[in-house]
Structures are given as C-alpha cells and as structure tokens.
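Notes follow the structure.
The structure displayed is predicted, hence computed values, not measured ones. Read the numbers this way: they start at 1 and go in the same order the structure lists the ligands and their atoms.
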Amino acid sequence: MISVAIDGPSGAGKSTIARAVAGSLHYLYIDTGALYRSVGLFALRKGAEPTDREAVAKLLPEVSLSLKHVDGVQRVFLNGEDVSEAIRTPEVSKAASGVSAHPEVRALLLETQRSLARENNVLMDGRDIGTVVLPNATVKIFLTASAEKRAERRFKEYQQKGIPTTFETVLQDVEKRDYADSHREIAPLKQAEDAVLLDTSDMTLEESEQAVRQIILDAQHGQKE
Ligand code: DC
C-alpha cells in the first residue's frame with residue numbers, strides 16, 4: 001500500500017490540494033481534521049468545555065465516528081449523523097483545536113486513521129501524520145504558507161459561505177491555533193525529519209497541486225530505482 005502524509009498548519013491549502021491530487025492519482029483522500037472537528041462538535045453539543053480534558057475524555061465512549069467516500073468525496077458521520085457541513089464553522093475549528101490536545105482523543109483517533117492506511121492507498125492530511133500516525137509513509141510533505149496568506153484564504157472561504165467575520169479575527173484565530181497546535185505536549189505540529197517542505201505563500205492553487213503531485217511521483221520513482 002502507498003501512503004502519502006501531508007501535514008502543516010491550518011489554511012495552508014492542505015485539504016484542497018490533497019483532495020485534488022488524491023483524485024488524480026486515484027488514492028483515497030483522508031481529511032483527518034474532520035475527525036477532530038467531529039469530536040469538537042460533540043463536546044460543544046454536550047456543553048463540555050473542549051479544553052477540559054476530563055470532561056471530554058468522559059464523553060468519548062459515546063462517540064462513534066466513521067468516514068465514507070462517495071465519488072471520492074469524504075463524508076464524516078458522528079453517531080450515524082452526517083456532520084460534514086456542521087463541522088466547518090469557526091466555533092468548531094476552535095473546539096477541534098481544544099479537544100485535539102487530549103491524549104485520550106488522539107488515542108481514539110489513531111487506530112481509525114491507521115486502519116484506513118492499511119486497507120487503501122491513501123493521501124492523508126493532518127498535523128501528525130508523518131510524525132505519529134504513519135511514520136513509515138511512502139512520501140511525507142510538510143505544506144505551509146505565511147500566517148497572513150493562510151488567514152486571507154480562510155477569510156475568503158468564510159465570506160463565500162456567508163459566515164460573518166473580519167480578516168483581523170481570522171488572522172488572530174490562525175495565529176492562536178498555530179501556537180496551540182505546535183505547542184501542545186502530545187503529537188505537536190512539526191515537520192517530520194524526512195518530510196519535503198513546500199511553502200505555498202507565493203504559489204497559486206494549481207502550482208501547489210502540481211508541486212505536490214511532482215514530489216509524490218519523484219518519491220515513487222526513487223523507490224523503484
Ligand atoms: O485541519 P483542520 O483545520 O480541519 O484541523 C482541525 C483541528 O484538529 C486543528 O486545530 C488541529 C487538529 N488536528 C490534529 O491535531 N491532528 C490532525 N491530524 C488533524 C487535525
């Protein structure tokens with residue numbers, strides 16, 4: 001099985017790029033952030049503070065998550081309910097970052113992610129795929145861009161969806177989330193030693209996709225030789 005790990009901070013374009021590249025290479029695209037977001041959504045619905053480890057850990061036995069792929073598009077189900085859209089709000093982004101710091105949450109999601117990679121050729125995006133989830137991935141890419149560029153992209157996305165916010169708020173959220181994601185004790189966001197670094201600040205989406213595709217093809221080529 002071939003596995004491609006794409007890690008990096010939020011808003012670097014990981015999911016858009018990963019989805020497109022996975023589609024063209026016929027790999028299963030796995031957006032692991034959706035799993036953390038679903039746990040965050042569940043905590044919010046239950047009135048638990050996402051950063052409260054004990055409160056969140058207590059809820060986990062009630063959480064059942066599954067991913068289904070329909071025409072190459074991933075849908076995520078929380079206790080049988082399709083929450084693919086409900087998890088894309090700023091509140092859930094924050095809650096996901098909160099719950100993702102708890103070891104109990106990471107342990108629960110680790111096996112879900114690994115079993116998908118055992119059964120399929122996958123292109124998985126997240127924060128710790130190359131470092132923790134799939135340390136033996138065939139190819140590892142660390143995708144990043146400046147905080148301003150990432151905030152700009154996310155702000156546009158919210159505007160298109162009619163979610164009211166300001167650029168300043170989005171930038172602050174991006175910076176706060178970067179800090180929290182890279183400073184947590186367990187599985188922090190960091191580049192794996194053997195990952196290829198790709199900075200997309202000055203690249204269009206098409207250029208980024210092409211660069212990612214090329215890194216993957218080069219790695220596969222290198223393996224055969
Ligand atoms: O990629 P995203 O924005 O959907 O991720 C939401 C949150 O989940 C993010 O703040 C960090 C966390 N996350 C993680 O800790 N590990 C992953 N593999 C994916 C996401």
Side-chain angles (χ1 to χ4, degrees), residues 3-19 22 29-44 50-51 53 56 60 63 65 67 73-76 78 83-117 122-135 137 140-145 147 149-151 153-155 157-158 161 163 165 170-192 195 200:
S3 52
V4 180
I6 302 191
D7 292 301
S10 72
K14 284 191 311 286
S15 54
T16 314
I17 295 166
R19 189 178 300 116
Y29 165 58
I30 315 266
D31 163 14
T32 63
L35 298 170
Y36 291 91
R37 286 171 178 270
S38 301
V39 175
L41 176 67
F42 191 72
L44 290 179
T51 53
R53 177 176 172 182
V56 172
L60 294 182
V63 175
L65 293 174
L67 297 180
V73 178
Q74 173 183 293
R75 310 290 303 180
V76 58
L78 167 63
V83 292
S84 311
E85 270 87 41
I87 58 171
R88 299 292 159 198
T89 67
E91 292 73 36
V92 177
S93 296
K94 226 176 276 170
S97 184
V99 299
S100 72
H102 309 316
E104 293 82 358
V105 173
R106 304 207 74 87
L108 176 75
L109 301 184
L110 189 61
E111 191 39 41
T112 310
Q113 298 169 81
R114 282 188 179 157
S115 65
L116 286 162
V122 293
L123 197 155
M124 214 176 254
D125 92 32
R127 302 295 188 286
D128 62 336
I129 310 304
T131 51
V132 177
V133 180
L134 305 175
K140 298 181 188 179
I141 299 172
F142 195 79
L143 199 73
T144 189
K149 283 279 170 162
R150 289 185 285 122
R153 293 170 187 167
R154 186 119 313 172
F155 178 57
E157 194 182 309
Y158 286 149
K161 287 185 186 161
I163 295 174
T165 183
V170 176
L171 178 60
Q172 273 175 18
D173 279 359
V174 162
E175 287 173 340
K176 255 189 241 157
R177 220 138 68 87
D178 278 0
Y179 187 86
D181 291 346
S182 43
H183 286 80
R184 65 176 177 228
E185 261 171 50
I186 178 166
L189 168 67
K190 70 164 194 273
Q191 184 181 342
T200 67

**Asked** Counting each atom of ligand 1 from 1 as listed, which ones have a heavy atom of Ala96 under 4.0 Å away?
**Response** 6 (C), 7 (C)
**Message:** Can you tell me which portion of Ser97 lies within the under-4.0 Å heavy-atom range of ligand 1? Options are side chain, backbone, both, or neither.
**Reply:** both
**Numbered atoms and elements of ligand 1 in range of Asp181, under 4.0 angstrom, heavy atoms** = 9 (C), 10 (O), 11 (C)
**Message:** Applying the side-chain contact (heavy atoms from CB on, under 4.5 Å) criterion to Ser38, which one of Val92, Leu109, Val83, Val99 satisfies it?
**Reply:** Val83
**Item:** Heavy atoms from other residues, nucleotides or ligands near CD of Glu111 exceed 12 (cutoff 6.0 Å)
**Value:** yes
**Item:** Tyr36: numbered ligand 1 atoms lying under 4.0 Å from its heavy atoms
**Value:** 8 (O), 13 (N), 14 (C), 16 (N), 17 (C), 18 (N), 19 (C), 20 (C)
**Asked** Would Arg153 and Glu157 pass as an ion pair if we require N to O under 4.0 Å?
**Response** no
**Asked** Can you list the ligand 1 atoms lying under 4.0 Å from a non-hydrogen atom of Gly33?
**Response** 4 (O), 5 (O), 19 (C), 20 (C)
**Request:** Just jot down the ligand 1 atoms closer than 4.0 angstrom to any heavy atom of Ser100, in number order.
**Result:** 12 (C), 15 (O)
**Message:** For the residue pair Thr165 / Arg154, report whether a side-chain donor-acceptor contact shorter than 3.5 Å exists.
**Reply:** no
**Request:** Could you pull out the closest heavy-atom pair between Ala101 and Arg184, with the gap in Å?
**Result:** CA-CD, 3.9 Å
**Complete:** ligand 1 atoms nearer than 4.0 angstrom to some heavy atom of Gly126 are 17 (C), 18 (N), 19 (C)
**Separation of Ile30 CD1 from Ile129 CD1 (nearest 0.5 Å)** = 9.5 Å
**Message:** Between ligand 1 and Lys14, is the shortest N or O to N or O distance under 3.5 Å?
**Reply:** no
**Request:** To the nearest 0.5 angstrom, please state how far the CD1 atom of Ile87 sits from the CZ atom of Phe42.
**Result:** 15.0 Å
**Asked** What atoms in ligand 1 come closer than 4.0 Å to a heavy atom of Arg177?
**Response** 3 (O), 6 (C), 7 (C), 9 (C), 10 (O)
**Asked** When you measure from atom 19 (C) of ligand 1 to every protein heavy atom, which one gives the shortest distance, and what is it?
**Response** Thr32 OG1, 3.4 Å
**Request:** Could you list which atoms of ligand 1 come closer than 4.0 Å to a heavy atom of Arg37?
**Result:** 2 (P), 3 (O), 4 (O), 6 (C)
**Prompt:** Does any non-hydrogen side-chain atom of Arg37 lie less than 4.5 Å from one of Ser93?
**Reply:** yes
**Asked** Checking salt bridge (charged side-chain N to carboxylate O under 4.0 Å, His left out) against Asp31, which of Arg19, Arg127, Arg88 comes through?
**Response** Arg88
**Prompt:** Quick one: does ligand 1 sit under 4.0 Å from the side chain of Arg184, the backbone, both or neither, non-hydrogen atoms only?
**Reply:** side chain
**Request:** Kindly confirm or rule out an N or O of Arg106 lying under 3.5 angstrom from an N or O of ligand 1.
**Result:** yes
**Asked** What's the shortest distance from atom 5 (O) of ligand 1 to any protein heavy atom, and which residue and atom give it?
**Response** Arg127 NH2, 3.4 Å
